Amino acid sequence: MDEVIREFVAESRENLQRMEQELVLLETKPDDAETVADIFRTIHTIKGTCGFFEFGGLEAVAHAGESLLSKVRDRVLVPDAEVISALLALIDAVRSFLANIDATGSEGEVDTARVIERLSALEREQRQTPLDQPEEGERGGVDVSAGAREDIGATPVEENADSTPPPARQQTATNPAPGQSSVRLDVGLLDTMMGLVGELVLARNQVVEHAAHAGSPSLSAVSQRLNVVTSRLQETVMQTRMQPIDTIFGALPRLVRDTSLAGGKRVRLTLDGSDTELDRTVIEAVKDPLTHLVRNAVDHGIEAPPVRHRAGKAEEGHVHLHASHENGQVIIAISDDGAGIDSDDIRARALELGLAEEDRLSRASDSEILQLAFSPGLSTARRITNVSGRGVGLDVVRNNIERIGGSVDLTSTPGVGTTVRIRLPMTLAIIQALLVRSRGQRFAIPQLSTMELVGLDAGGASRHIEHVHAAPVFRLRGKLLPIIHLADQLGLDGDGDDGPRGAPAQGQVLVVLRANDREFGLAVDAVDETQEIVVKPLSRLLHRIPILAGTTILGDGKVALILDVAALAQRANVINERREAILSPQADGVAAPLDAREAVLLFSSPDDGRMAIPLTDVAHLHTVDPASVERAGGLEVIQYRGEILPLIRVHEALDERRRRPRRAEEEPSRSSTLFVVIYATPQRRVGLVVDRIVDIVEETLEVQRPGTRDCVAGTMVMRGRITEILDVEGLVSRMLDAEDVAAGGDV
Amino acid sequence: MREAKTAVPDRRQLMTFSVGDASYGLPIEQVLEVLNDRPLTPVPLAPRSVAGLMNLRGQVVPAIDLARRLEVAAAATGGRKQMNVVIRHGESVVSLLVDEIGDVVDVEEADFQQPPETLRGSARDLIHGAYRLEDGLLLLLDAKEILDLEGESASC
């Protein structure tokens, strides 16, 4: 494409952005002649230039806008909401043209008939001038509720302007001169520069490492110097890629205007820290999430004016954005003074959706609960508008932000307002990473996702590992973290089973990671150090591999893979969800009858998990000499009080446990005494062989989580331990009926 | 005398190398450089023939084990050193691991023929054709097909 046209597109886009902001401003200050003049200038320039390039369609729509604007400038027309809306629609049309020109070099097809019709209809309409009848109080887009706006407008007024070219016109045909000290640069060039600096950083890392071992003072000095210069060069080049966040903020006034209009709200938007700079790739990535959050604040946060009035607040709501730098990160806070979010609402919704157990929900602090707002499907919006509140949204926002290594959290006080805080890396090209080892291979984990490290030594930490449904979890300060093994996830141990495994081995390190609002533990063999790494994309050949986010070259020149924490979290979630999915239908039927305080028998499984059965159905506890166990009809049986009692070895009967390799130390339970729980119902009696009887306790049986395998009614916390409630009937009928054995009878 | 049947130029230079007991060639203009054995970082879950990633002067380049890709046995198993033939195809830079590097040979279109019927396995799809040379057949590889790993399953 022609360089001149490219220039035209770039400049017009900038001007349109400014024009958009000015239009929204104009709505609140309709008398601001300077603003009107600038808007007029912008559209006039576009019209003039595209006439030159023979972009007819673009010229036509720009012309219609110019005519309307000239009436505004001449104070024949009040720039009310309708006029502003039409002019904003004009901006959209011009942008569509520019997009076509940018892509193809020609203006292409854009349907402008309606926009032009709208503009010229307004132009034809006669209106009161602001000079004759100032009515500031009722006017001004963002300030006026939609209901009130309907009434303004169609007052006829005498025609007094004849569209004579105003004096301003001559002097305005040029753009504001760009600063002499700045140049426009192709973005591709900047990207190339960044790439080269990245490689220089790598070479620097290697030299520095080399020099450290070489023991040569002169080499050390040179490498030191190289180190400093490279760092400064890197900073400088990164600066060239920095853009003020204003490139996103600039579009927000209009967004707030449109959203508040549609929702019948009155909203004042204030922006702070617009000059905060971010790498352009980060800007690109955060644009949609940020827009979404602001829209949410207006749509769900700010109440309708009557509601606010009743609550004793100003009818006009306030949305405030604040961007700032903090410790090498950028923080963007989006605050509103709206209704806030009631954490109890979220609790209720989360429970309804089965996102967490009731026990956990009631114990969690309000701020922890609020983070659940980012869970998929959880929307507390009581009504659905055309803008937002369909239950999708915040989870996507969080995913997008975490994908670029950022994080998001939410604080809210009911009745006072909500603040969402986004934390972003300043750049994506060079990141802080934690280097870990698994099976001798090194991997990098973005530092922003890592929460803490827990060493799993023999005595201490490994005691905190428990099993929920055969999947290991780590109890960290009362919270249960699912554990996944890096070696498993990457298939480093050679077999492709990605299912849950046993507890991490001693000496391993648990890296506590956070993504998708879920913390989980990643078991690795060792943790090396934190390093600044240069992210290099994964080769196209390897794009389909999940879990890997990219590659980098370490100080020793070797290639290391960067892990995709969000994808790992998904793996951890998948494991949980699979468990939940299998048993949720069963839980509905079982949870209710169990809901009463009763005595339960606790016993333990070979890997020290806890199980419980209601004591009401337990006739007797019995110890049995293994030698007295006989076999009959394919079953183990014992003679008990004159009848033949079939035995079920509980932990072998439950499938997941059976798959686990039996360890030598479990064998004694076979050879020494067997603990048998005699289970009796009017229909039958069976003996349940358990590993060890733990206790008999009084508990209100409330299933907090559906069971996850056959014959488990659900799980709950008893005596501080996760306990599975055995569905004895299910187990018995599966074991005995399935094998075509008449229960307790002719065996 | 030449027949106009394929897009093969009448004279071209091929970089030759061997994998197992056969000789292969690639047009010299596709070959960026030839390197000695290099440390590779294995890539978990990668397609079977991806041997790993190497650091090529700051660029991360995947290495494809040509023997595995062609489903032929390499010359010797075990800790044998392999050579890297670094090629460019489109935007991808990839290293092919081979057993030995041969000469650059001039071939003539007259010697070009369709791939031998005896080719087995996936090799058939990866080979354009063959040149009859004095000391045997030289198989012309198709870089595009070699880099198309879509159908390959993960290595574990």
Side-chain angles (χ1 to χ4, degrees), chain A residues 195-207 437-444 485-498 533-564 567-568 571, chain B residues 30 32 35-66 68-70 79 84-97 122 126 141-156:
Chain A
L196 290 172
V197 167
E199 283 179 29
L200 183 62
V201 168
L202 292 173
R204 184 266 322 258
N205 290 353
Q206 289 166 34
V207 169
R437 280 176 194 273
S438 187
R439 306 296 183 264
Q441 221 181 310
R442 279 179 300 180
F443 298 91
H485 294 254
L486 186 54
D488 285 351
Q489 292 302 318
L490 296 172
L492 292 180
D493 288 339
D495 84 62
D497 180 13
D498 65 347
I533 60 167
V534 180
V535 179
K536 294 182 169 283
L538 213 52
S539 160
R540 197 182 51 81
L541 295 182
L542 305 173
H543 256 189
R544 293 196 313 171
I545 305 179
I547 319 180
L548 301 183
T551 62
T552 188
I553 295 175
L554 299 176
D556 61 4
K558 296 235 178 66
V559 177
L561 296 160
I562 303 170
L563 299 177
D564 182 339
L568 281 171
R571 288 287 186 108
Chain B
Q30 289 181 3
L32 296 178
L35 299 165
N36 276 323
D37 198 27
R38 288 249 167 168
L40 290 178
T41 299
V43 184
L45 311 177
R48 219 170 39 84
S49 55
V50 174
L53 296 171
M54 70 164 81
N55 171 8
L56 183 63
R57 291 185 296 278
Q59 200 181 358
V60 177
V61 171
I64 292 180
D65 185 328
L66 205 50
R68 258 187 260 164
R69 183 75 186 106
L70 293 166
N84 292 282
V85 178
V86 183
I87 64 167
R88 175 191 293 282
H89 181 81
E91 292 189 354
S92 306
V93 173
V94 173
S95 168
L96 304 178
L97 299 185
S122 63
L126 308 179
L141 291 175
D142 184 334
K144 176 169 176 284
E145 291 294 330
I146 285 174
L147 301 193
D148 184 8
L149 302 178
E150 287 289 310
E152 259 194 15
S153 59
S155 53
C156 52

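Please read all numbers here as calculations on a predicted model, not as lab measurements. To find a chain, count down the sequence lines: A is the first, B the second, and so on, and within it residues start at 1.
Heavy-atom distances place no part of V93(B) under 4.5 Å from chain A, backbone and side chain included. Using a 4.5 Å cut-off between heavy atoms, I547(A) touches chain B through its side chain atoms alone. Looking at I64(B), only its side chain comes within 4.5 Å of chain A, counting heavy atoms on both sides.
Counting heavy atoms from C-beta outward, L548(A) and V43(B) have side chains that approach closer than 4.5 Å. Between L561(A) and L53(B), some side-chain heavy-atom pair lies under the 4.5 Å cut-off.
Nearest heavy atoms, L542(A) versus A46(B): CD2-CB, 3.9 Å. Scanning both residues, T41(B) and Q441(A), for their nearest heavy atoms gives CG2-NE2, 3.7 Å. Minimum heavy-atom separation, L541(A) to P62(B): CD1-CG, 4.1 Å.
In this structure, CD1 in I553(A) is found 9.0 Å from CG in L56(B), a value given to the nearest 0.5 Å.
Scanning for side-chain contact (heavy atoms from CB on, under 4.5 Å) contacts around V535(A) gives I431(A), I562(A), with sequence neighbours left out. A search for side-chain hydrogen bond (donor to acceptor under 3.5 Å, both in side chains) contacts involving S95(B) returns N84(B), not counting sequence neighbours.
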